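Here is the structure we will look at.
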Amino acid sequence: MNPAGNLSYDVFVNDPPPQDGLLPNGEPKRFSPMASTLIYGREDAVLTDPGLTEDQARVLGDWVAGHDRNVTDIFITHGHGDHWFAAGLLAERFGARVVATAGAIAQMQGGVATRPLLWDKLYTGIPPSPVTAVTVPGNRLTLEGHDLVMVEVGHTDSDDTSVLHVPDLGLVVAGDAIYNGVHMYLGQSAVGGFGPWRQAIDKVEALDPRHIVAGHQNKQLDDDAKRTIEQTRQYLDDADELLRTEDTALGYFNAKIERYPDYLGRLILWVTARALYGVREHPEGNPALIILNSWL
Ligand SMILES: [Zn+2]
C-alpha cells in the first residue's frame, strides 16, 4: 500500500526578476531561479517559499490556483527576502496563514531591516513585506492526517534556517540548505567557514529523504536526494579548495564557472566571490557591511 495515500507534491520554479548591470564576464546580472513546493491532499494544501516580487507572486499564484486546493499554510524556510517577501500576497489570495520556526521569524525581521539597503536597490515590484509569520506547536503541521515537520538545521546560507520534512512522501523541502544545479550563496559563510553548513547537510541526510526540493534549482533536473546532497557537499569542498588556490574574487569566479559550466545563477557566484575575498582582504573591516556591499 502506498503510505502517502492521498498526499502528493508539485514544484514550481519561478524565473528571476529583471535586474540592471553586467557580470565581469559580460553576462547580464540575473538572480537564481526560485522554487516553491505545493504539498497537497484531496482538499487542502501547504505552499512553501513563495518568492520575492509581485510578478512572481502572480504567476506562482495562478499555478497554485490550478491545483484547486484550499491552501491552509505558507511555510517559510528562512529569513532571506527572496523566499518570502511575496508571502503576504499569496496569503491574501488564498486566505492562508504564514508559518515558520521562531528562529526563521527572527531572521525575517532582519530581512525587513535589510530590504531598503539591498533588495529595493536591485529589484522593483517587491510588495509590502510585514512579518506576519507565526510559529506552530512542535514546529509541526498536519495535512489530512500526514505530518509536515519543520526541522531546524542551523546556519546554511544564513542563520537559523529550516527545512520541511514530509515523511510520508520521503520528501524534504530544503530551502537553501541544499542546491540543485545552481551556484550556492556562500557570502554569509565568509566568517566561520562551511562547517555549520556541512552539519546542516548531515541533518538533512539523516532524515533519509528520497526527494529534495532545493530552494534554487535548475528545473531541467530531477529532485534525487542522494545526488543533490552529494553535489552540495562537493560544491563546498571545491569552494574551500579554490579559496586556497585562487588569489582574487575574479579568479574564484572564473574557476567555479570552469568547474560548473552548466550551473545557473552566476550573479550569486559573483556576489559570493566578492564577499568571501572582501572579508579576507579587509580583516579590519565590518564583515556584515562587506557582505552587504558585495551585492551592490
Ligand atoms: Zn535563497
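Ligands are counted one by one from 1 in listed order, and the atoms in each one are counted from 1 as well. Only a predicted model underlies this, so the values are computations on that prediction, with no experimental measurement involved.
Remark: aromatic rings of Tyr235 and Tyr260 are close, center separation under 6.0 Å. Remark: aromatic rings of His83 and His216 are close, center separation under 6.0 Å.
Aromatic ring orientation, Phe31 versus Trp295: parallel (interplanar angle below 30°, classes split at 30° and 60°).
Annotation for His67: atom NE2 counts as buried by contact number, over 12 foreign heavy atoms lying within 6.0 Å. Counted within 6.0 Å of CD on Glu27, heavy atoms from surrounding residues, nucleotides or ligands total more than 12; the atom is thus considered enclosed.
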Side chains of residues 130-142: which donor-acceptor pairs under 3.5 Å do they make with residues two or more places apart or in other chains?
{"unit_1": "Arg140", "atom_1": "NH1", "unit_2": "Asp147", "atom_2": "OD2", "d": "3.0"}

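The tally of protein N/O/S atoms under 2.8 Å from the Zn ion (ligand 1) stands at 4.
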